[in-house]
Amino acid sequence: MIKLLPALIQAAIYRNQREMTSVSTQLLAATEDTHPRVHEQLKRLLRTQNTGVPLKEPPQNLANIGMPTISLADVVLEDHLAAEVQELVLEQQRRAELQAFSLEPRHKVLLEGAEGNGKTMLAEALAHALDLLFIQVKFSGLLSSYMGETGKKLDEIFEYAASQPCVLFIDEFDTIATQRGSNANDVGEAQRVTNQLLISLNKLPSHTVFIAATNKLGAIDKAARRRFDSEMSLGKPTQALREKLASKELSPTLTPGSDLSKWVAPVAALELGNLDALVKLCRRIRRDQALYQGAGIQSIISRAQAPLLPA
Ligand SMILES: Nc1ncnc2c1ncn2[C@@H]1O[C@H](COP(=O)(O)OP(=O)(O)OP(=O)(O)O)[C@@H](O)[C@H]1O
Ligand SMILES: [Mg+2]
């Protein structure tokens, strides 16, 4: 199989479509028994290619594009959200059955909630569960200093994402889908961008899963918000959720030879700002265990508990 790589890379460099298809087909056969997951990915890629739609060039400097590495097992979610995520995954996987009934799978998801509770993680994990390319929009590239450019760039990203099955993720969505007419000084640029966004969302095919995240739900344009098939709120974590994540972060598989389970309850009892802070605290505990046999753990937890004194 490795022997096919030079031919594949050469075909990519010289944009030789026919050679690329031929080598990919050989790879498809070679991976069937040995690497089923890679085999499935190749099959899907070749299907996209065979639709006759030329594979588009990814837009330069506008997005980070790659296969996702975070999986759904890494993300701790409330039960009702985990169930909804599973439904979305199943709808994508069973699209043919839906289409037989003139239905499309849901594919536009708005993630809402205060920072550090897993919105970005969940977007990537969804791409992982669907085994799709993860396209994360880069703000620096999108918010152009040239007037009128942002809308054009947005269109470019959506066009690219629409050309293949993938997950397209835009963070800080409120900065793009601003409520029109909310700013009297607005010279029209923000309005143009929001209008462009609505057009792009309307024509997005259902094989492109679009995920937007925001911690300012109220700032989002109402018409843009209505375009979503599903809204999920990753709000302030409950005690049960904190306990679930603390058990995971302090599990014996991560600390071989030592038992940190007695710290799960005190950690989960802390009302830290968000799950990000909880994960960081657990990692400090694990570091202390690894370097000092846990001598400083009690003090680490007490300090995390102490309210910040006014300066
Ligand atoms: N639900 C969760 N399950 C597991 N880990 C989490 C979860 N939420 C947050 N974390 C931890 O916090 C980190 C930050 O989470 P993430 O970047 O997904 O938050 P976010 O909601 O996208 O925040 P922001 O609004 O700032 O973009 C993660 O890398 C992970 O370590
Ligand atoms: Mg984020």
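Every number for a ligand or one of its atoms is a count from 1 in the order of the listing.
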Counting only heavy atoms from other residues, nucleotides and ligands, does the tally under 6.0 Å from NZ of K152 exceed 12?
no

Purely on distance, is any nitrogen or oxygen of G113 under 3.5 Å from one on ligand 1?
no

Kindly indicate whether the side chain of V167, heavy atoms from C-beta on, has any atom under 4.5 Å from the side chain of I135.
no

Check for me whether D74 has a heavy atom closer than 4.0 Å to any atom of ligand 1.
yes

Regarding T120, does it place an N, O or S atom less than 2.8 Å from the Mg ion (ligand 2)?
yes

Could you pull out, from M121, E112, E124, the option with a heavy atom nearest to atom 6 (C) of ligand 1?
M121

Any nitrogen or oxygen of R283, main chain or side chain, under 3.5 Å from a nitrogen or oxygen of ligand 1?
no

Please list, in number order, the atoms of ligand 1 under 4.0 Å from a heavy atom of V75.
1 (N), 3 (N)

Identify, for atom 26 (O) of ligand 1, the protein heavy atom at the shortest distance, and state residue, atom and that distance.
E115 CB, 3.1 Å

Part of V279 with heavy atoms under 4.0 Å of ligand 1, whether side chain, backbone, both or neither
side chain

Validation row: S163, E159 side chains within 4.5 angstrom (heavy atoms)
no

D276 and ligand 1 - part of the residue with a heavy-atom distance under 4.0 Å
both

Got the closest protein heavy atom to atom 25 (O) of ligand 1, with its distance?
K119 NZ, 2.7 Å

Less than 4.5 Å apart, side chain to side chain, heavy atoms only: is that true for K248 and V279?
no

What's the verdict on side chain to side chain contact (heavy atoms under 4.5 Å, CB included) for L204 and H107, showing C-alpha distance, side-chain angles and the deciding distance?
CA-CA 9 Å; L204 198 65; H107 67 116; 4.3 Å; yes

Interatomic distance, CG@L8 vs CD@Q10, rounded to 0.5 Å, equals 10.5 Å

Of all the heavy atoms in A213, does at least one lie under 4.0 Å from an atom in ligand 1?
no

Does I301 reach the side chain of I297, with side-chain heavy atoms less than 4.5 Å apart?
yes

When distances are taken from atom 17 (O) of ligand 1, the protein heavy atom at minimum range is T120 CB, 3.9 Å

Check: G116 N/O within less than 3.5 Å of ligand 1 N/O:
yes

Here the atoms of ligand 1 under 4.0 Å from any heavy atom belonging to N215 are 25 (O)

Distance alone, cut at 3.5 Å: any donor-acceptor contact between the side chains of D131 and Q41?
yes

D171 contact mode with ligand 1 (heavy-atom cut-off under 4.0 Å)
side chain

Mind checking whether F169 and F134 have parallel, tilted or perpendicular rings, split at 30° and 60°?
parallel

If two hydrophobic side chains count as joined below 4.5 Å and joins carry through other members, does V75 share a cluster with L126?
yes

Hey, does V76 come in under 3.5 Å of ligand 1, counting only N/O atoms on both sides?
yes

I want to know if ligand 1 touches L275 in the polar sense, i.e. an N/O pair below 3.5 angstrom.
no

Among protein heavy atoms, which lies nearest atom 19 (O) of ligand 1, and at what distance?
G118 N, 3.3 Å

So with a 6.0 Å cut-off around CG of N202, is the heavy-atom count from everything else above 12?
yes

